[in-house]
Structures are given as structure tokens and as C-alpha cells.
**Student:** 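Let me give you the structure first, and then I'll get to my questions.
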Amino acid sequence: MTGTVWIFVLLAIVVLISLVCCIAIATVSDFYVRLHYLAPVTTVAFIPLLIAVIIHEGAGQAAIKTILVFGALLLINAVLTHATARAARVRQLGHWSVDPQENIEGAAPRG
Amino acid sequence: MNPWLLASIGLAICLIPCGVAVFRGSPIERLLGLEMAGVIVSMFFITFSEALGNPNFYDLALASGLMAFGGGLVFARFLERWL
């Protein structure tokens with residue numbers, strides 16, 4: 001298969017994964033389930049994009065910058081997802097540590 | 001047709017459900033749509049720079065990714081108690 005066909009296939013994977021995750025963000029009912037759909041876009045969808053750039057441009061400036069963006073988004077997204085989950089929990093319960101009614105196994109009680 | 005241009009159009013279409021998520025639900029649920037849009041825009045800049053053959057857009061991808069982080073974090077922080 002020539003390079004262009006590979007690029008078509010890889011970019012189709014990128015767009016499909018992104019589209020599924022974006023539709024899930026808009027349609028899934030539970031908030032904490034929705035949070036999980038932020039992760040595949042920056043991990044599973046970004047790798048084919050990186051490979052497509054390397055196929056298209058070779059190992060040069062474009063590939064290095066794409067790796068930089070990939071690394072940045074990887075870190076950023078993890079921190080942002082945690083901060084959002086924490087904000088949602090604090091809004092819901094007034095604090096974010098364990099709540100006695102939730103009886104989570106092995107969790108130290110609050111206070 | 002340039003595959004990169006097609007991918008850019010596809011990623012731009014992904015912003016529609018993100019827009020729906022931003023305009024619906026409680027403030028914390030809207031923040032989720034904003035965060036997803038930030039990631040999609042970063043990817044859009046990469047495919048768009050390949051489509052145009054202009055490597056400068058890569059810096060935009062990195063800059064928009066970093067700024068989306070700052071914005072999302074500030075929203076998350078204030079949404080805990082003050083907004």
C-alpha cells in the first residue's frame with residue numbers, strides 16, 4: 001500500500017474515534033461516565049495522527065512538534081479530567097473525600 | 001482530494017457535538033464539552049497545517065492545547081464552589 005493510502009486509513013481512524021467520543025460527550029447521561037470519553041481522543045486517536053505525520057513529513061520538524069503536542073495533551077488531559085471530576089464531586093457533596101454512606105471498601109473514613 | 005483536508009473537515013464536524021454539550025446541562029457538564037473541544041482543536045491545527053503545507057500551524061496546536069489546559073483548570077477550580 002502506498003503512503004497516501006496509509007495516511008487515508010490512519011486519518012480515518014483518527015476522525016472516527018474523535019467523532020464517537022464527541023458524540024458520547026453530548027449523549028451519555030451519567031457525568032462520571034462521560035468523563036472517561038476525554039481519554040481516548042488524546043491517546044488512541046492521537047497515535048495514528050502522529051504516525052500519519054511521520055509518514056507524510058518524515059522525521060523532521062513537523063514530527064517533533066507533533067510529538068510535543070502529543071506529550072503535552074497526554075499530561076494536560078489527565079490533570080484536567082481529575083480536576084473536573086473533583087469539581088463535580090465537591091459541587092455534589094460539598095467535599096471530595098470519602099462519604100460514609102458510600103461505604104467504599106478499604107477507604108479511610110473522613111475527618 | 002487531500003486526505004489531510006478531509007481529516008480537518010472531519011475534526012471540524014466533531015466540534016458540533018462538543019457545541020451541543022457546551023450549550024446543554026449543568027455548568028460542570030458544559031465544561032466537559034469545552035475540554036473535549038480544546039483537544040479536538042489541537043488535532044485540527046495539526047491536520048490543517050499538513051493540508052496547507054504550512055508548518056507554522058503546529059505551534060498553534062501546541063499553544064491551543066496549553067491554553068485549553070489553563071482555561072479548563074480555572075473553570076474546574078471555580079466550579080467547585082464559587083460558580
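Lettering of chains follows the sequences in order, A, B, ..., and the numbering in each one begins at 1. Since this is a predicted model, take the numbers as computed values, not measurements.
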**Student:** If you count heavy-atom pairs under 4.5 Å with chain B, which of A:T81, A:T66, A:L16 comes out on top?
**Tutor:**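 Of A:T81, A:T66, A:L16, A:T66 has the most heavy-atom pairs under 4.5 Å with chain B.
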**Student:** CD/A:Q61 to CG/B:N56 distance, rounded to the nearest 0.5 angstrom?
**Tutor:**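 It is 7.5 Å, given to the nearest 0.5 Å.
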**Student:** Kindly give the heavy-atom pair with the smallest separation between B:P17 and A:C22, and that separation in Å.
**Tutor:** CB-O, 3.5 Å
**Student:** First locate atom CG of A:D30, then atom CD of B:E29, and finally report the distance between them rounded to the nearest 0.5 Å.
**Tutor:**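 Going from the CG atom of A:D30 to the CD atom of B:E29 covers 9.0 Å.
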**Student:** Between B:E80 and A:R86, does at least one N-O distance fall below 4.0 Å, as a salt bridge requires?
**Tutor:**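 Yes, B:E80 and A:R86 are salt-bridged.
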**Student:** Determine whether A:L49 and A:V20 fall in the same hydrophobic cluster, where Ile, Leu, Val, Met, Phe, Trp and Tyr are linked whenever their side-chain heavy atoms lie under 4.5 Å apart.
**Tutor:**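 In one cluster with A:L49: A:V20, no.
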**Student:** With hydrophobic residues grouped by side-chain heavy-atom distances under 4.5 Å, do A:V69 and A:I64 end up in a single group?
**Tutor:** no
**Student:** Roughly how far, to the nearest 0.5 Å, is the CZ atom of A:F70 from the OG atom of B:S42?
**Tutor:** 13.0 Å
**Student:** Which bit of A:A24 comes within less than 4.5 Å of chain B, counting heavy atoms only: side chain, backbone, both or neither?
**Tutor:**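 A:A24 has no heavy atom closer than 4.5 Å to chain B.
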**Student:** Quick check on the interface: out of A:V14, A:V53, A:T42, who has the most heavy-atom pairs with chain B under 4.5 Å?
**Tutor:**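 Max contact count across the listed options: A:V53.
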**Student:** Taking all heavy atoms of B:I28 and all of A:A87, pick out the closest pair and write down the distance.
**Tutor:**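 Smallest heavy-atom distance, with atoms named: CD1-CB, 3.7 Å.
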**Student:** What part of A:L35 gets closer than 4.5 Å to chain B, counting heavy atoms only: side chain, backbone, both or neither?
**Tutor:** both
**Student:** Contact between A:V41 and B:M43 at the side-chain level, heavy atoms closer than 4.5 Å - yes or no?
**Tutor:** yes
**Student:** Count I, L, V, M, F, W, Y as connected when their side-chain heavy atoms are under 4.5 Å apart, and connections chain through other members. Are A:V28 and B:L34 then in the same cluster?
**Tutor:** yes
**Student:** If you compare all heavy atoms of B:A68 against all heavy atoms of A:L80, which two are closest, and at what distance to 0.1 Å?
**Tutor:** O-CD2, 4.1 Å
**Student:** Within a strict 4.5 Å, meaning less than it, do heavy atoms of the A:H56 and B:W4 side chains meet?
**Tutor:**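 A:H56 reaches B:W4 side chain to side chain.
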**Student:** Can you confirm whether B:C18 sits close enough to A:I25 that some side-chain heavy atom of one is under 4.5 Å from a side-chain heavy atom of the other?
**Tutor:**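 The answer is no, as the side chains (C-beta and beyond) never meet within the 4.5 Å cut-off.
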**Student:** For B:I40, is it the side chain, the backbone, both, or neither that has a heavy atom closer than 4.5 Å to a heavy atom of chain A?
**Tutor:**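 The side chain, not the backbone.
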**Student:** Pick whichever of B:G33, B:A7, B:A37 has the most heavy-atom pairs under 4.5 Å with chain A.
**Tutor:** B:A7
**Student:** Roughly how far, to the nearest 0.5 Å, is the OH atom of B:Y58 from the CD atom of A:E57?
**Tutor:** 5.0 Å
**Student:** Look at the side-chain heavy atoms of Ile, Leu, Val, Met, Phe, Trp and Tyr, link any pair under 4.5 Å apart, and say whether B:L73 and B:V39 land in one connected group.
**Tutor:** yes
**Student:** Does any heavy atom of chain A fall under 4.5 Å from the side chain of B:I46, the backbone, both, or neither of them?
**Tutor:**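 Side chain only.
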**Student:** Take B:L66 and A:I76 through the side chain to side chain contact (heavy atoms under 4.5 Å, CB included) test and state the conclusion after the steps.
**Tutor:** CA-CA 8 Å; B:L66 293 174; A:I76 281 168; 3.7 Å; yes
**Student:** What part of A:A12 is in contact with chain B, defined as an atom under 4.5 angstrom from a non-hydrogen atom: side chain, backbone, both or neither?
**Tutor:**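 No part of it gets close to chain B.
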**Student:** Is there a side-chain contact between B:S26 and A:R91 in this structure, where contact means two heavy atoms from C-beta onward sitting under 4.5 Å apart?
**Tutor:**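 A side-chain contact is absent here, since even the closest heavy-atom pair is not under 4.5 Å.
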**Student:** A:Q92 versus chain B, heavy atoms under 4.5 Å apart: side chain, backbone, both or neither?
**Tutor:** neither
**Student:** For residues A:C21 and B:M36, report the shortest heavy-atom separation together with the two atoms involved.
**Tutor:**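 Closest heavy-atom pair between A:C21 and B:M36: CB-CE, 3.6 Å.
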**Student:** Roughly how far apart are B:L11 CG and A:S18 OG, rounded to 0.5 Å?
**Tutor:** 5.0 Å
**Student:** Please tell me if the side chains of B:F69 and A:L73 come closer than 4.5 Å, counting only heavy atoms from C-beta onward.
**Tutor:** no
**Student:** When you compare the side chain of A:L11 with that of B:L6, does any pair of heavy atoms fall below 4.5 Å?
**Tutor:** no
**Student:** Mind checking whether A:F31 and B:L32 have side chains closer than 4.5 Å, heavy atoms only?
**Tutor:**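 Side chain of A:F31 against side chain of B:L32, heavy atoms only: contact under 4.5 Å found.
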**Student:** Which residue out of A:T27, A:L75, A:I23, A:T4 racks up the most heavy-atom pairs below 4.5 Å with chain B?
**Tutor:** A:I23
**Student:** Any side-chain heavy atom of A:L38 sitting closer than 4.5 Å to one from B:E35?
**Tutor:**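 The answer is yes; the side chains approach within 4.5 Å.
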**Student:** Consider only side-chain heavy atoms of I, L, V, M, F, W and Y, link residues closer than 4.5 Å, and tell whether A:F46 and B:M67 are in one cluster.
**Tutor:** no
**Student:** Against chain B, label A:A83 side chain, backbone, both or neither, depending on which of its atoms sit under 4.5 Å from a heavy atom there.
**Tutor:**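 Backbone plus side chain of A:A83, per the 4.5 Å heavy-atom cut-off to chain B.
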